Amino acid sequence: MQAQPLSSLDQWDDFVASRYREGKSEEEFRQYSPETNPGVAEFYRQNHAGQTVDFVRAKRAEYLSLQRGRKSIWEAAEYLNALVDDSDPDTDLSQIDHLLQTSEAIRKDGHPRWMVLAGLLHDLGKCLCLYGEPQWAVVGDTFPVGCAWSDQIVYREYFSANPDRDVAEYQTEYGIYEPHCGLDKVMLSWGHDEYIYHVTKPYMPEPAQYMLRYHSFYPAHKHGAYRHLMNQHDEEMFEWVRKFNPYDLYSKGAERPKLSEIKPYYEDLVAEYFPAQIDW
Ligand SMILES: [Fe+2]
Ligand SMILES: [Fe+2]
């Protein structure tokens with residue numbers, strides 16, 4: 001396996017958050033330079049070289065039949081916490097802390113219960129790392145494969161190493177898709193979003209499904225790219241994706257949630273939507 005370029009998966013989340021901070025200074029633009037941020041640049045180099053149509057098809061076949069056993073939501077969260085990485089000096093927050101900070105911020109703003117629940121669940125798919133997937137196949141801004149790469153994808157130049165570059169059919173605006181076919185028919189680069197969407201789909205209302213499935217699709221929800229593949233329903237549902245995004249990006253500075261105090265609320269919430277165990 002390739003070396004893992006990020007000191008932890010959070011390093012990618014932190015990079016995205018810094019990209020979209022208000023009032024960007026000159027200094028912040030330098031964060032894109034491989035000299036300033038070598039781990040992040042190398043991570044995107046691997047991601048953009050490796051996320052091909054064939055790769056995404058293979059991972060969907062491998063994981064979306066949900067043959068990795070049954071777990072409760074809480075067991076999945078505990079399992080993910082094994083990812084805590086002491087080599088990241090910036091944070092001593094666990095994965096569960098990030099999930100609870102996100103969901104608590106949503107709860108404080110008075111959003112529906114299913115949206116609070118989406119906050120709690122949204123990164124549980126990062127357990128792909130514990131299944132042995134490299135970082136570049138777990139996190140990263142997502143984008144469609146099988147059609148031309150948008151200029152709105154960060155570090156777009158790294159696609160020069162992607163073998164799909166040589167497949168003419170994949171390099172047109174629509175590629176293997178039909179105009180406005182709807183995102184459900186479009187394969188995005190493989191990662192934690194698609195996985196958690198499939199695991200939780202039978203139990204969550206549709207706006208929450210969109211939040212989970214597209215929360216890393218920054219080229220679309222932040223930059224308006226790929227509207228030629230979206231249908232009217234996607235356009236409407238993306239309002240929810242955009243509503244969700246700030247809680248994912250900016251709840252990190254919040255104080256560390258005290259699980260013992262809020263656990264009863266979340267026990268109830270999870271039990272309202274999920275059976276005791278689900279397929280992963
Ligand atoms: Fe995420
Ligand atoms: Fe997140």
Side-chain angles (χ1 to χ4, degrees), residues 4 6-21 40 43-44 47 51 59 63 73 76-77 79-85 88 90-109 111 114-131 133-143 153-154 183 188-201 204 207-222 238 240-257 266 280:
Q4 300 278 311
L6 304 175
S7 61
S8 76
L9 291 184
D10 291 345
Q11 202 188 342
W12 170 72
D13 298 276
D14 294 343
F15 171 73
V16 176
S18 69
R19 251 165 50 201
Y20 297 116
R21 237 186 345 241
V40 167
F43 162 79
Y44 280 102
N47 177 278
Q51 294 277 0
K59 289 300 156 187
Y63 289 113
I73 296 298
Y79 179 59
L80 184 64
N81 249 9
L83 263 186
V84 139
D85 189 333
D88 183 356
D90 293 339
T91 175
D92 57 354
L93 289 178
S94 69
Q95 297 292 324
I96 290 181
D97 287 329
H98 168 62
L99 293 175
L100 286 171
Q101 283 181 333
T102 307
S103 60
E104 280 290 275
I106 294 169
R107 177 154 79 121
K108 287 201 181 85
D109 283 353
H111 290 297
W114 53 260
M115 184 169 170
V116 179
L117 184 55
L120 181 73
L121 303 175
H122 78 280
D123 278 342
L124 288 180
K126 288 180 178 175
C127 62
L128 286 168
C129 245
L130 297 163
Y131 301 162
E133 293 297 329
Q135 291 169 340
W136 63 262
V138 179
V139 294
D141 312 51
T142 57
F143 52 85
I153 303 171
V154 65
L183 290 179
L188 295 196
S189 52
W190 176 253
H192 70 289
D193 312 60
E194 186 71 14
Y195 181 56
I196 194 61
Y197 157 70
H198 275 272
V199 168
T200 59
K201 178 170 63 165
M204 295 296 280
Q209 294 175 13
Y210 268 78
M211 292 171 179
L212 297 174
R213 193 176 199 179
Y214 300 115
H215 74 271
S216 306
F217 192 11
Y218 285 89
H221 71 65
K222 271 281 188 202
F238 261 56
W240 290 106
V241 179
R242 279 188 281 272
K243 213 169 268 188
F244 178 80
N245 182 246
Y247 296 104
D248 186 13
L249 281 185
Y250 305 124
S251 59
K252 256 200 167 175
E255 76 187 88
R256 188 177 202 145
Y266 285 99
W280 291 78

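When a ligand or atom number is given, it counts from 1 through the structure's own listing order. Keep in mind it's a predicted model, so treat the numbers as computed, not measured. Every heavy atom of this structure was used, including side-chain atoms; hydrogens, water molecules and symmetry mates were not.
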After noting the C-alpha distance and the side-chain angles of Tyr63 and Glu133, does the key distance pass the side chain to side chain contact (heavy atoms under 4.5 Å, CB included) rule?
CA-CA 11 Å; Tyr63 289 113; Glu133 293 297 329; 2.7 Å; yes
Parallel under 30°, tilted from 30 to 60°, perpendicular over 60°: which one fits the rings of Phe238 and Tyr214?
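Phe238 and Tyr214: tilted rings.
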What angle sits at the Fe ion (ligand 2) between OD1 of Asp248 and NE2 of His98, to 10°?
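Approximately 90° at the metal, rounded to tens of degrees.
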Any heavy-atom pair between the side chains of Val16 and Tyr218 that's under 4.5 Å?
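The answer is yes; the side chains approach within 4.5 Å.
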Can you check whether Phe244 and His122 have ring centres sitting under 6.0 Å from each other?
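Between His122 and Phe244, which both carry aromatic rings, the centre distance is below 6.0 Å.
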Tell me, please, if His122 has any N/O/S atom, main chain or side chain, under 2.8 Å from the Fe ion (ligand 1)?
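Not a single backbone or side-chain N, O or S atom of His122 is under 2.8 Å from the Fe ion (ligand 1).
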So does Asp123 have any N/O/S atom less than 2.8 Å away from the Fe ion (ligand 1)?
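Under 2.8 Å: Asp123 contacts the Fe ion (ligand 1) through an N, O or S atom.
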Angle, NE2 of His215 through the Fe ion (ligand 1) to NE2 of His192 - 10° precision:
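About 90°, to the nearest ten degrees.
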